[in-house]
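To keep things clear, I will list the structure first and then write my remarks on it.
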2 protein chains.
Amino acid sequence: MRHKTGWWHRRLRGRGYRITVPRQIILEVLSRTSRHLSAEDIYIEVHRIYPQVGLTTVYRTLELLMRMGLIYKFDFGDGRARYELAEGPQGKLHHHHLICTGCGRVVDYTDFIEEEVDLLQKTEKGLSRKYNFKIQSHLIQFYGLCAECRKREE
Amino acid sequence: MRHKTGWWHRRLRGRGYRITVPRQIILEVLSRTSRHLSAEDIYIEVHRIYPQVGLTTVYRTLELLMRMGLIYKFDFGDGRARYELAEGPQGKLHHHHLICTGCGRVVDYTDFIEEEVDLLQKTEKGLSRKYNFKIQSHLIQFYGLCAECRKREE
DNA sequence: ATATCTGCAAAGACTTTGCATGAGA
DNA sequence: TCTCATGCAAAGTCTTTGCAGATAT
């Protein structure tokens, strides 16, 4: 175990999960990047640090971390899931995604989030009541063409 | 050609696409349902009406209709895409989805949409300017537990 | 010590592609 | 007639599963 104690240890240990090298490295990779990594992207990065890790373990770890709420899984429409650290002490700010339908590029934006909060809370409250759902989370994405793709379309 | 002229004829013909039996039936199935059908669901329904159709054609037709903006494609997180008619004369009202993370049930809601419009327009305008994107569409989904799944969790 | 975790290989699920035949305009 | 569209089979991707060996506690 070459890596120093992380903030997630208590979360895992608390539920009886073990702190293993692959888990630590996967979380490390996720916290170091600002990109939107697919399982294979993560596998490649992890593999660089610790070559004996397998893709299966990456998938299983991501599944676990997701169930624990440590990471989020996104679908940007290109047929593979993307993962990022949940917001929090080590995670990023709450943000949404702006996706280019031309080239698949994804931009994180944190603008207008404040204005959203009001509306979202109101909506969540209303939906909870009307449909008897206990709302846990939301997903907001915008789709469009980035500058380069727009040029190319001409 | 057993089916009467549909509103989509001009859209297809206008771009040089042919009006074929499978295309008509697929659109018919989509306009008759209020469910969120997967490609295979659609295949099954279409097959019932016109058994010689293949799943491949369903996929190809859905792809075409999507490119033309006649239908939308959604990902509710269960590994298969769902399709529905775009809003419009024959389509449904603009709505968003409320997804149960327990059983996968999806509820369409049209509440609070009006309040959203303001915010969305403002956000779209801001994002366009700041990131130089030409915004085309947005996706909003809420996730939570439906009443039954909440009961089951206790 | 022992229950959990991992890696490999194989299987599974959904979707796409190649190609010869069939059908719309 | 002559493209465009279809069906079948095969292939392609991403993801999950089974199982024996390895590892954390």
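Computation of the quantities below employed the complete heavy-atom set of this structure, encompassing side-chain atoms and omitting hydrogens, waters and symmetry-equivalent molecules. In this text, all values refer to a predicted model and were calculated from it rather than measured experimentally. Lettering follows sequence order; numbering is per chain, from 1.
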* To do: For B:Asp108 and B:His36, test the side chains for any donor-to-acceptor distance below 3.5 angstrom and give the result as yes or no.
  => yes

* Structure fact -> 5'-most contact on DNA chain D (nearest-nucleotide basis), B:Leu64 vs A:Tyr83, goes to B:Leu64

* Asked: Between B:Ala39 and A:Val58, which has a closest nucleotide on DNA chain C that is more 5'?
  -> A:Val58

* Spell out yes or no: do the side chain of A:Arg18 and the base of D:dT25 have one donor N/O and one acceptor N/O closer than 3.5 Å? => no

* Interatomic distance, B:Tyr43 OH vs D:dC8 C1' [rounded to whole Å] -> 11 Å

* Please figure out whether B:Gly16 or A:Arg60 has its closest DNA chain D nucleotide nearer the 5' end. => B:Gly16

* To do: Grab the CD-P distance between A:Glu40 and D:dT13 for me, whole Å please.
  => 11 Å

* Can you check whether A:Tyr59 has a side-chain N or O nearer than 4.0 Å to OP1 or OP2 of D:dT16? -> no

* Structure fact -> Rounded to whole Å, NE2 of B:His9 lies from P of C:dA25 at a distance of 9 Å

* Asked: Which listed nucleotide (C:dT15, C:dG7, D:dT25) is nearest to the side chain of A:Ile19?
  -> D:dT25

* Asked: Is A:Glu45 paired with A:Arg48 through a side-chain N to carboxylate O contact shorter than 4.0 Å?
  -> yes

* To do: Using atom CZ of B:Arg80 as one end and atom C1' of C:dT16 as the other, report the distance to the nearest whole Å.
  => 18 Å

* Just call it for A:Glu63: base, sugar-phosphate, or nothing, with non-hydrogen atoms closer than 4.0 Å on any strand. => nothing

* To do: Using only side-chain N and O atoms of B:Thr20, determine if any of them is under 4.0 Å from OP1 or OP2 of D:dT6.
  => yes

* To do: Write down the distance between CD (A:Gln24) and C1' (D:dT25), rounded to a whole number of angstrom.
  => 14 Å

* Whole-Å distance between D:dA10 P and B:Leu55 CG? -> 16 Å

* Asked: Looking at B:His96, B:Gln121, B:His138, which hits side chain to side chain donor-acceptor pair (under 3.5 Å) with B:Glu116?
  -> B:His96

* Can you find a donor-acceptor N/O pair under 3.5 angstrom joining the side chain of A:Thr56 to the base of C:dA9? -> yes

* **Any A:Thr57 side-chain N or O less than 4.0 Å from OP1/OP2 of C:dG7** => yes

* Asked: Between atom CZ of A:Phe142 and atom OH of B:Tyr131, what is the distance when rounded to the nearest 0.5 Å?
  -> 12.0 Å

* Consider only side-chain N and O atoms of B:His95 and B:Glu84, and report whether a donor and an acceptor are under 3.5 Å apart. => yes

* Atom CG of B:Leu62 to atom C1' of D:dA5: distance rounded to whole Å? -> 15 Å

* To do: Nearest whole angstrom, please: distance from the C1' of D:dA5 to the OH of B:Tyr50.
  => 11 Å

